[in-house]
J.: 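Sharing a structure with you now.
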There are 4 protein chains.
Amino acid sequence: MSPRRPERRSEEAAKAVIQAARELCQEVGYAKLSIEGIAARAGVGKNTIYRWWPSKGAVLLDGLLELWGEAAPFPDTGDAVADFKTQMKAAVGAFSSELGQHYRALLGEVQHDGVLAEALQERLLRPMMARATDRIELAKRQGQIRGDLDAELAIELLYGPIYHRWLLSQRAPEPARIEAMVDSVFTGMTPRPDL
Amino acid sequence: MSPRRPERRSEEAAKAVIQAARELCQEVGYAKLSIEGIAARAGVGKNTIYRWWPSKGAVLLDGLLELWGEAAPFPDTGDAVADFKTQMKAAVGAFSSELGQHYRALLGEVQHDGVLAEALQERLLRPMMARATDRIELAKRQGQIRGDLDAELAIELLYGPIYHRWLLSQRAPEPARIEAMVDSVFTGMTPRPDL
Amino acid sequence: MSPRRPERRSEEAAKAVIQAARELCQEVGYAKLSIEGIAARAGVGKNTIYRWWPSKGAVLLDGLLELWGEAAPFPDTGDAVADFKTQMKAAVGAFSSELGQHYRALLGEVQHDGVLAEALQERLLRPMMARATDRIELAKRQGQIRGDLDAELAIELLYGPIYHRWLLSQRAPEPARIEAMVDSVFTGMTPRPDL
Amino acid sequence: MSPRRPERRSEEAAKAVIQAARELCQEVGYAKLSIEGIAARAGVGKNTIYRWWPSKGAVLLDGLLELWGEAAPFPDTGDAVADFKTQMKAAVGAFSSELGQHYRALLGEVQHDGVLAEALQERLLRPMMARATDRIELAKRQGQIRGDLDAELAIELLYGPIYHRWLLSQRAPEPARIEAMVDSVFTGMTPRPDL
DNA sequence: CCCTAATCGAGACGGTACGTCGGGTCTTCGT
DNA sequence: ACGAAGACCCGACGTACCGTCTCGATTAGGG
């Protein structure tokens with residue numbers, strides 16, 4: 001996505017572009033965000049944007065990564081249930097922030113932009129899921145999650161309800177509800193004593 | 001959404017518009033779908049579209065409802081687990097159809113179009129969820145689902161994982177995986193014998 | 001032009017249309033005058049306008065005639081020079097009025113609307129010129145104008161300079177200048193003593 | 001009018017636009033001339049037209065100037081009467097040409113478009129009148145025209161009758177009539193021996 | 001340490017679509 | 001039966017952006 005040719009690019013311009021995109025998106029909303037507008041606000045030629053990014057979504061993704069890239073490491077207190085509750089509450093909190101709206105817009109755009117989909121997957125979703133996968137594998141090793149459970153499935157079971165509510169009903173679940181969700185889901189993921 | 005003023009509108013033109021939108025969306029994709037194009041294909045003035053629909057998404061939604069509006073009734077064999085498996089497999093199958101792509105595009109658009117979001121909610125999602133809610137309440141009465149479980153939460157637990165996979169990873173879960181999902185989720189929703 | 005079929009037409013509606021056109025033209029200018037607007041302002045269906053008038057210019061022409069139709073009779077004091085000066089000063093004064101702007105707009109429109117040209121000719125210009133022709137013929141009989149002079153040419157010689165200034169330079173000549181004009185023109189129209 | 005900002009404009013595109021306007025105006029007439037049509041015919045984006053011209057009339061004016069800009073120099077044989085007859089016959093001949101129709105349309109448009117009026121004045125009428133003024137001043141110096149006669153008035157006296165006939169009666173005077181006109185007008189403009 | 005080439009800003013260009021306006025026709029409904 | 005109301009198809013408006021393309025001007029690096 002962003003730098004396709006790392007050679008000779010003006011880091012200064014890139015910063016300005018990314019920041020302009022972030023600001024404009026907050027001011028006018030993703031729908032009215034335009035490359036023309038970003039260029040003007042950043043004091044940059046349109047070509048400079050087209051040179052390094054394929055779409056407005058890609059610019060915004062860079063802006064998101066700049067701030068979300070280094071997420072807090074997955075909590076590890078030894079109690080998987082508690083850890084997931086903690087992490088998910090933090091995640092949902094982030095969804096409600098200004099950047100959360102950018103993330104939501106990107107998740108929307110991705111439904112009809114394959115290139116952006118790939119980039120979002122690679123640069124944001126995959127890393128996020130990797131961290132979660134690690135925590136799940138750890139929990140499996142500690143016997144807190146059934147060993148035969150696909151980690152990817154576990155993630156879908158845990159995070160799916162949250163995204164469902166957020167993307168389909170435009171609401172973010174409150175903490176208590178997250179706890180209930182995780183408790184319920186974990187019941188099904190826990191090793192069955194009777195087998 | 002669609003008819004804002006039901007008075008004196010040409011049913012013939014409306015049909016043509018909706019069908020043209022559906023066809024064009026399949027031919028060129030949602031991103032390249034335009035009101036201009038729909039009007040041309042339908043042999044209709046642009047004003048006629050703007051008169052009755054606020055956006056291309058709204059037209060497409062009407063097209064979707066025309067075909068999905070009367071969904072198959074929720075299965076009721078007495079076995080809630082089996083019924084949900086059945087229904088969800090059907091739903092995921094629909095996601096993979098051509099209309100499924102329209103639905104996906106709408107779910108994307110909805111992330112930055114509040115008006116469309118409201119319409120999609122009201123005319124498609126709410127009815128779908130109502131049917132699921134009914135089935136869940138029935139299951140609760142039959143003792144197959146814990147009585148203290150919020151039906152909306154149950155829906156999110158069941159369908160969330162599917163949408164997560166579909167919207168975030170652009171994949172539809174295969175039937176076996178759906179079964180595993182439902183089994184796992186129901187474990188957490190089943191009445192606890194120990195309480 | 002105006003009533004093509006005098007049968008069964010609502011005199012009330014016609015009045016309203018003509019007046020609405022006149023008012024709107026003064027408020028927004030001829031360029032922005034529209035049949036749609038006239039109909040709305042007059043509280044009349046568009047069809048009612050199309051039924052009786054072929055264009056917005058035709059409506060405005062009716063409005064003009066209503067007020068200018070019965071122009072003051074051509075002055076006749078026995079002194080042709082003085083009479084023409086009097087009449088032309090009145091005419092130029094009228095050009096500067098609000099209705100004068102309507103007349104000017106019509107003279108403009110007429111340059112690319114043959115139907116309107118014919119109507120304007122028939123209903124406004126011809127009558128005006130007829131009155132002037134009569135006065136000229138009288139003057140000829142009284143020996144104040146050369147007998148071999150085409151009356152139409154005389155009119156062009158007298159009024160041409162005024163219209164030139166008004167239509168090409170957007171100015172109306174002041175009274176003193178009109179006097180100079182007429183004096184000069186009459187010098188060439190006076191019977192030549194030496195012939 | 002035409003170039004508002006002379007910087008970096010594509011001369012090629014400008015030529016194409018002007019020529020397309022001229023051709024279209026001859027083919028469909030001024031009333032049906034549209035910027036949309038000009039752009040299409042010229043193979044040019046609409047914006048390129050709007051960038052450099054404020055209206056279709058302005059484009060057409062440029063087209064007119066391109067061909068009429070360098071008018072034949074005012075004849076000067078020493079005989080002012082003869083010279084004006086020559087020049088006016090040529091002018092009236094031009095009125096009857098295809099471009100003459102464009103000129104007539106512009107004179108019409110100018111009656112309700114102030115911006116175009118200013119441009120027409122500045123770029124076509126003023127230069128034409130300047131040439132005539134020069135010839136008149138020369139004639140005054142040679143004693144063929146009264147010295148106290150305003151040159152602008154002289155022009156109105158001479159050309160007014162022609163424009164009157166052309167714009168109000170949609171006819172162009174034939175040569176013989178022009179001669180009679182000029183003779184008559186000059187009689188009033190000649191120095192009076194008796195004063 | 002200059003020369004050459006890449007990159008930059010700026011913004012014009014050919015396009016597509018927007019959302020609006022009005023033209024002229026046709027249909028519906030109320031008086 | 002007429003006329004107001006207004007929906008209809010259509011064409012054009014003027015605007016906004018798209019993505020591409022020149023333009024100098026600057027700037028960095030390899031000769």
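All of these numbers come straight from a predicted model, not from anything done at the bench. Both backbone and side-chain heavy atoms feed into the values below; hydrogens, waters and symmetry mates do not. To find a chain, count down the sequence lines: A is the first, B the second, and so on, and within it residues start at 1.
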J.: Has A/Glu66 got a side-chain atom pairing as donor or acceptor with A/Leu61's backbone, closer than 3.5 angstrom?
T.: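 Not confirmed, A/Glu66 side chain does not pair with A/Leu61 backbone.
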J.: Could you state the CD1-P distance from D/Ile35 to F/dC13, rounded to the nearest angstrom?
T.: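 Answer to the nearest Å: 6 Å.
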J.: Below 3.5 Å, does any donor atom in the side chain of D/Lys46 face an acceptor in the base of F/dG14, or the other way round?
T.: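 Side chain to base: pair present.
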J.: Considering just the side-chain nitrogens and oxygens of D/Thr48, establish if one lies under 4.0 Å of OP1 or OP2 belonging to E/dG14.
T.: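 Indeed, a polar side-chain atom of D/Thr48 lies that close.
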J.: Without decimals, in angstroms, what is the distance between A/Ile49 CD1 and E/dG11 P?
T.: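 Distance, rounded to whole Å: 15 Å.
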J.: Of D/Glu36 and B/Gly43, whose nearest nucleotide on DNA chain F comes first from the 5' end?
T.: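 The 5'-side residue here is B/Gly43.
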J.: Using whole Å, what does the distance between atom C1' of nucleotide F/dA4 and atom OH of C/Tyr50 come to?
T.: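 Distance check: C/Tyr50 OH to F/dA4 C1' gives 16 Å.
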J.: Which is more 5' along DNA chain F, the nucleotide nearest C/Asn47 or the one nearest D/Lys32? Just name the residue.
T.: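 The 5'-side residue here is C/Asn47.
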J.: Given atom CD of B/Glu11 and atom C1' of E/dT28, what is their separation to the nearest angstrom?
T.: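 Taking atom C1' of E/dT28 as the reference, CD of B/Glu11 is at 15 Å.
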J.: Please report the interatomic distance CD(B/Glu23) to CZ(B/Arg41), rounded to the nearest 0.5 Å.
T.: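 These two atoms lie 5.0 Å from each other.
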J.: Are the side chains of A/Glu109 and B/His112 in touch, meaning some heavy atoms are under 4.5 Å apart?
T.: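 They are in contact (side-chain heavy atoms under 4.5 Å apart), so the answer is yes.
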J.: Reckon D/Trp52 has a side-chain N or O less than 4.0 Å from the OP1 or OP2 of E/dC13?
T.: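 Yes, within the criterion.
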J.: Between E/dA17 atom P and B/Arg41 atom CZ, what is the distance in whole Å?
T.: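 Answer to the nearest Å: 14 Å.
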J.: Which whole-number value in Å describes the distance from B/Arg51 CZ to F/dG6 P?
T.: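 Going from B/Arg51 (CZ) to F/dG6 (P), I get 11 Å.
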J.: Need to verify one output field. Residue with the more 5' nearest nucleotide on DNA chain E, C/Leu33 or A/Ala40?
T.: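 Upstream on the strand: A/Ala40.
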J.: Specify whether A/Tyr103 and A/Trp68 have parallel, tilted or perpendicular ring planes, treating 30° as the upper limit for parallel and 60° as the lower limit for perpendicular.
T.: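 Taking A/Trp68 first and then A/Tyr103, their aromatic rings stand perpendicular (interplane angle over 60°).
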